[in-house]
Each structure stands twice: as structure tokens, then as C-alpha cells.
Amino acid sequence: MSRKSHQLAPQGDLPPEARDLASENDEDEQVPAEDRGQAPELDLTTSDASLKRGAEVIRALWKTLPSKPGVYRMIAADGAVLYVGKARNLKARVASYTRGTGHTNRIVRMIAGTASMEFVTTGTETEALLLETNYIKQLKPRFNVLMRDDKSFPYILVTGDHPAPQLVKHRGAHARKGQYYGPFASAQAVHRTIAALQRAFLLRTCSDSYYENRTRPCLLFQIKRCSAPCTGEISHEDYAGLVAEATDFLTGRSRAVKERMVREMQAASEAMEFERAARFRDRLAALSAIQGSQDINPQTVQEADVFAIHEEAGQFCIQVFFFRTGQNWGNRAYFPKADRSISPAEVLDAFLGQFYEDKPAPRLILLSHEAENRELLREAFALKAGHAVEIAVPKRGEKKDLVGHALSNARETLGRRLADTASQEKLLEALGTAFGLERAPRRIDVFDNSHISGTNAVGAMIVAGPQGFMKTHYRTYNIRSEELTPGDDYGMMREVLRRRFQRLLKEEPREAASPQGEKADEHDAETFPAWPDLVLIDGGKGQLDAVRETLAGIGVSDVALVGIAKGPDRDAGRETFFIPGKAPFKLAPRDPALYFVQRLRDESHRFAIGTHRAKRKRSLTKSPLDEIAGIGPTRKRALLLHFGTAKAISRASLDDLRQTPGINAATAKIVHDFFRS
């Protein structure tokens, strides 16, 4: 892929021959849908002067552009990327922004805000599409369609780097050797499938180090969930047969696997080996459970992803269903951020490129709406996946039914979200009234600490807003101060709040924010503020005073603070609230605002305690090898496979360490010296 990057600045007026650029018609360039049609009335909040200035910037940049495929970025005066786009012909595409008419309000605001542009040329338009997708996911430009949830999908991995392959859930890059099956829509779906596969094929799920140190079968062998290759209860050859059956099943040959099991069961029964026949019966039942737990298993579609989009009240919901080996492996809902002026088909078109940016596409993709760049997307997906990809909008048959099912799910999911949002806004208004705020808060930060006698202490922050709990904004803080007395809750809260707001002051200066803590942006109602309108502290007057003094010390005095003291016997519903400058008070037992506060506090408890437990678990399972500089996961794994335990490694001689596969003499000396010192 050849790319050439250009960063251009305005270079004065164009020559006379270029002034009629807006009327030129380049045969190689198609004006996108957003630029077609009648010019709407301009947004009154965008001044004519800023629009003219932005158009002049773009016009000045145009004259040095090549007529090649590439990607362009429109950049604001503060350096923020406003928009990323691709073009088959950069010169012709950028020319479309110099017209004085024919733009939607969104395009007008983009032009008005442009202070400079950057360009990257590519060899083909397909390469430009792939690069555009990368930029959008990295830079999150304000005027692009943004895929809000890019959490990786879980897969099932049958490992290929061990004589007895392991069955395991996997997320992230496919770096480990083995066969990957997925994606699954959720971790729960993976866990259910793995549990059923254990019963059906008796494959191990234990780690390699656990496997190497077994001297007798574990409980999973006793309850017929594993064939125990670790202790030789099954030979490696026979275990390889079980692995082959499992991979056959996961790649769609489930009928052949079941027929083979039926024959084995009948043969065992005829030979009066009833215990063996019962094992095959149980394995068949497990396979049926896997297939029976899937909804709407298609008869004619073996491998496909189904996308359906629904728009209502200016919001979009995209439902994605995954079908592999003729089975439904779950679905997930997305709520992409997009301007109201963009059509559902355009949103879906932009969403597809971002969705497959970090994962291979299946052989068939079914859509509810026609994608403008369908052929270009097909070429790009095939290039990345290494096999042919078909993108279709089905008109009849089972494929159309699958899309219809996904569309009805998108419609229902968006309806529930809109209803939840309306209820959430009412609760925010009630909370603002209860605490005497000037307006309903858009962002609430809730802080809590968790520790056991000061050990493994962590602070946690959860965030709530009009869309409910905003989990992408949650944060955890490892308590670092060595001067704190173990168990000093006041000191822990001071440290957490100081670190939180010092970073906020550095990254989001208060003077650049609106009175409610968000950057002034009257065009984007969905911008979630970085500054909280309300901070809830899990604690009484002492905790609140400590927080107030800490914030005042770093120059933050205009954020509403509320302390929540637990009721007698820690009873929910009898909490006392503390607000600086006001007398302590309680809310009525049936007040919706009280229930809302309890939900916020319970969520902060859950998050803080969960973080503390995870940290405590890591400390309990920490290995001395983790402290040796230069010993990464690969060398640690090699040492443990060779010696079995960290204790055995610590006792090993230098010669024994040198003989470990994968460990050179220098590393062996580092390990030997570490334990001897």
C-alpha cells in the first residue's frame, strides 16, 4: 500500500483559471449523498464570515492537490480533527467543499470550522477506505459517524501449541497458535458453549502450567467434563480424535459428528457396554443443548453477519447478528453517533468500515439498507479477510427473514433506549431539584474507596448521565501515597479527588468549558461533558469536608458536592445528605430521587469492591518471576513448563537453568542471581 502524506496550509488566492472550480464537472468523482439535493437554510449560528473564511482555506489548499485516491482530514484552529473522508480523486472531492450553496447544515459547519487540512494519497480507493477507517477509529472526528462501542468480541480458541490442545475463551489479537471460532456476541455465550463442548468432547480447559503439574485426574474428570490427558487417562492419539470431532462440529460438520456418535453408542449398546453407551448418550445430549440454545438457526445460511439499522427521534440503533456453522452465535446492539441529517443507509455504510477494521469479515454480509460504497467495502473486506466476501440486501427467502428479524430487534431496542433515556432525564431533574441545583445535572461523578485494613486500597469513580451509567468513563485509582495511615478513608478520598481534578484541569481547562462543564458546542447536543455537574461522595460530613478542602486547594470551587451518609444499621432509605453551607437532611422514603441516589451508590460499591477484589487476587497469585527484569510472559512460560513451580526454579542450579528450552545463558544467569541475592 503506497501512501504519501501532505500537510498543507493556505497559500493565497487562486489564479483566475481556478475561480470557476465550483462549476467544473469531474467525471471521475461522484458527489456524495450529503452534498446532493437542494441547499437547506443555513444554520443561523454559523456566521457568514466564518463560512467564507473556511471556504477560502479549502480553496487555497486545492490547487496543489493531485487527482489521485486518498484521505483528507479537516482540522479546526485548535488542532482537533473535524472530519475524515476518502476520495477516489482528492482534487475533485475537495473542490466540492468550495461551493457556496448546496450543503447541508453539517457540511456548512465543517467548512466554517476548517483552519487547515491534511492529505494522504493512496494507490487505490480501497486503500483509501481502509486508511479512512483507521483514522476515524483513532481520531474520533466530530462530524463523522462514530461507532461508540468498539469492545472486542470473544472467540473460542482450540490451542495448537501443546500436545493436548486446550479449549479456552479468547479476546484480542489472534497471536496464539491454534484455531479460532467466532465471533460470539457475549462472554456468556462463549462460556455456555465451552461448558457444553466440555461435556460433548471432553476437552481440557485448564492452563498449561496446571496441566503439567497434575499427578492424578482433577474433579472435571470425575464429573465427565474432561478426558484427563494430563495423567494419561486417554492417549494423545485418542485425545487428538476428540479434538478433531470438536473442530468438525465448530466448522459446521455437526451432522457427521452426531451420526458418528450415534453409531458408536449403538455399537456399545449391542456389545452390552452400557456405561460406554451412556457416555455417548450424554455427549449427544450436550451437542443438542448447544444447537437448541440458539435462536432462529438458519437452514440455508452457514456463515453470515446480519446488519439492520433503525432510526427514531434522531438516534440510530444497529443490530448485528452472528451466524456461524449454521448456528446463531448471538447479537449485539450499537448506537452510533451521527448527525440527524445523515440517512440510515449512510450511517450503516460508514459503520460497516469501522466494524470490520479489527476483525475479518465472513463470506456473507446481509444488510437492511443499500450501502452506497457496497462494492468498495466488498473489495476492502476481501483484501483483509483473504477470501471472497459478498454483501447483499436480500429481497426474498430466509435471508430476508433474517434481516427482518434483526430489524425488528433494532426497532425494539431503540424504543427501550429512548424510554430509558426519558426516565433518566426525569430522574436527573428530580435529583437537581432535591439538591438545589440550578439545572438538572448532565454528568454525575460518584466516588468510593475499597480496602481491607488498608491493604490493596483502591479508589473508584463511576459516571452517570442522560444515557444511564457511562461505563466508558469509569476510572479506578490505586492508592499510591506512602504517608497514609492504613485504613485512612479521608486521606484516600483526598488523594483520589486530587488526582482526578488535577488531570481534569490539565486536559480540559475550566475556562474552555461551559457553565455545565462541557466544551461550548451548541451544535452537538450529544457531547458528553468532561466536567461533572455533581459529585457524590460515599461518606458523611468528614468525608465531604476533606473533599471540599482538597478541591479548594487546587482551585476548583464551582462543582456541586454532596456527601451520602449511610442510615442507622446501614439501612437503605434512611441516608443523610450533606451539602456545604446547608443543614443535613433526608429525602422522603418514596422519593424517586432517593431511589436514584441508592442506585448510584450501589453501582459505585459494586465497581469499587470488584476492583479491590481483582487487585487482591492478583497479589495472591503474584509470582516471584514477575519481579525479574527481562523475564516476559514467553520466558516465564518456558521456565514454568520445564520446572513446574516458581519454588523449583528458585532452587535450580545455573546449569539446569541453561538447559531450559527457550532460555539462553544470559537469561539463566539473571534468574539464578535474582534468587541467590
Side-chain angles (χ1 to χ4, degrees), residues 5-10 29-36 39-40 42-43 45-46 50-62 65 69-100 102-122 125 128-148 316 336-343 345-354 357 372-373 376 519 521-527:
S5 180
H6 311 268
Q7 183 167 357
L8 304 179
E29 182 66 9
Q30 293 182 353
V31 179
E34 62 205 29
D35 288 339
R36 293 197 295 263
L42 290 182
D43 191 330
T45 58
T46 301
S50 61
L51 178 61
K52 182 178 179 181
R53 184 168 55 250
E56 288 175 350
V57 167
I58 298 172
R59 189 176 292 112
L61 298 174
W62 165 84
L65 283 180
V71 174
Y72 60 93
R73 285 170 280 176
M74 305 173 80
I75 302 173
D78 62 357
V81 178
L82 298 175
Y83 182 77
V84 174
K86 58 141 183 69
R88 180 173 30 174
N89 184 323
L90 277 173
K91 195 176 187 72
R93 181 67 187 91
V94 173
S96 69
Y97 292 114
T98 64
R99 297 198 312 268
H103 300 306
T104 64
N105 279 345
R106 181 175 73 102
I107 304 300
V108 167
R109 298 200 304 270
M110 283 166 46
I111 297 172
T114 299
S116 65
M117 294 182 72
E118 293 181 358
F119 305 89
V120 178
T121 58
T122 59
E125 191 180 7
L129 175 67
L130 295 173
L131 183 59
E132 176 199 36
T133 300
N134 288 336
Y135 279 152
I136 291 173
K137 294 199 76 172
Q138 292 172 15
L139 303 173
K140 295 181 170 33
R142 174 182 151 197
F143 289 102
N144 282 94
V145 174
L146 299 180
M147 176 177 161
R148 296 183 192 234
F316 300 89
K337 179 183 176 184
D339 192 272
R340 292 169 180 258
S341 64
I342 305 178
S343 70
E346 292 174 86
V347 173
L348 184 58
D349 184 284
F351 177 85
L352 286 171
Q354 297 178 53
E357 188 268 338
E372 181 179 357
N373 294 306
L376 191 60
K519 285 187 175 180
D521 186 355
E522 49 200 287
H523 302 301
D524 189 358
E526 292 192 356
T527 299

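Hydrogens, waters and symmetry mates play no part in the numbers below; they use all other heavy atoms, side chains included. None of the values given here were measured: they were computed from a predicted structure.
In this structure, Leu352 CG and Thr133 OG1 are separated by 10.0 Å, a value rounded to the nearest 0.5 Å. Rounding to the nearest 0.5 Å gives a distance of 4.5 Å between CG of Leu65 and CZ of Phe119. Atom CG in Leu130 sits 9.0 Å away from atom OG1 in Thr122 (nearest 0.5 Å). The line from CE of Met74 to CD1 of Ile107 is 7.5 Å long, rounded to the nearest 0.5 Å. One finds the CD1 atom of Ile111 at 10.5 Å from the CZ atom of Phe143 (value rounded to the nearest 0.5 Å). The distance from the CD atom of Glu56 to the CD1 atom of Ile58 is 11.0 Å, given to the nearest 0.5 Å.
Note: Tyr72 and Tyr83 have tilted aromatic rings, judged against thresholds of 30 and 60 degrees for the angle between ring planes.
Contact between Gly70 and Ala128 at its shortest, heavy atoms only, is O-CB, 3.6 Å. Scanning all heavy atoms of the two residues, the minimum distance from Ala87 to Arg93 falls at CB-CB, 3.5 Å. Nearest heavy atoms, Phe351 versus Pro336: CD1-CB, 4.4 Å. Of all the heavy atoms in Ala115 and Ala76, the pair that sits closest is CB-C, 3.8 Å. The shortest heavy-atom contact between Thr98 and Arg59 is O-NH2, 3.0 Å.
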Between Ile342 and Val145, does a side chain to side chain contact (heavy atoms under 4.5 Å, CB included) hold up when you go through it step by step?
CA-CA 9 Å; Ile342 305 178; Val145 174; 3.9 Å; yes
Working for side chain to side chain contact (heavy atoms under 4.5 Å, CB included), residues Asn134 and Glu357:
CA-CA 7 Å; Asn134 288 336; Glu357 188 268 338; 2.6 Å; yes
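Of the candidates Leu131, Leu90, Leu129, Ile136, Val71 forms a side chain to side chain contact (heavy atoms under 4.5 Å, CB included) with just one, namely Leu131.
Under a 3.5 Å cut-off, the side chain of Ser96 and the backbone N or O of Ala92 do not form any donor-acceptor pair. With hydrogens and angles disregarded, a donor-acceptor distance shorter than 3.5 Å links the side chain of Gln354 to the backbone of Met147. Of the possible polar contacts, one joining the Asn89 side chain to the Lys91 backbone as a donor-acceptor pair under 3.5 Å is found. Between the side chain of Asn373 and the backbone N or O of Leu376 there is no donor-acceptor pair closer than 3.5 Å. In terms of modelled atom types and a separation under 3.5 Å, the side chain of Arg88 and the main chain of Glu125 share no donor-acceptor contact.
A cation-pi geometry, defined here as NZ or CZ lying under 6.0 Å from the six-membered ring centre and within 45° of its normal, holds between Arg73 and Tyr135.
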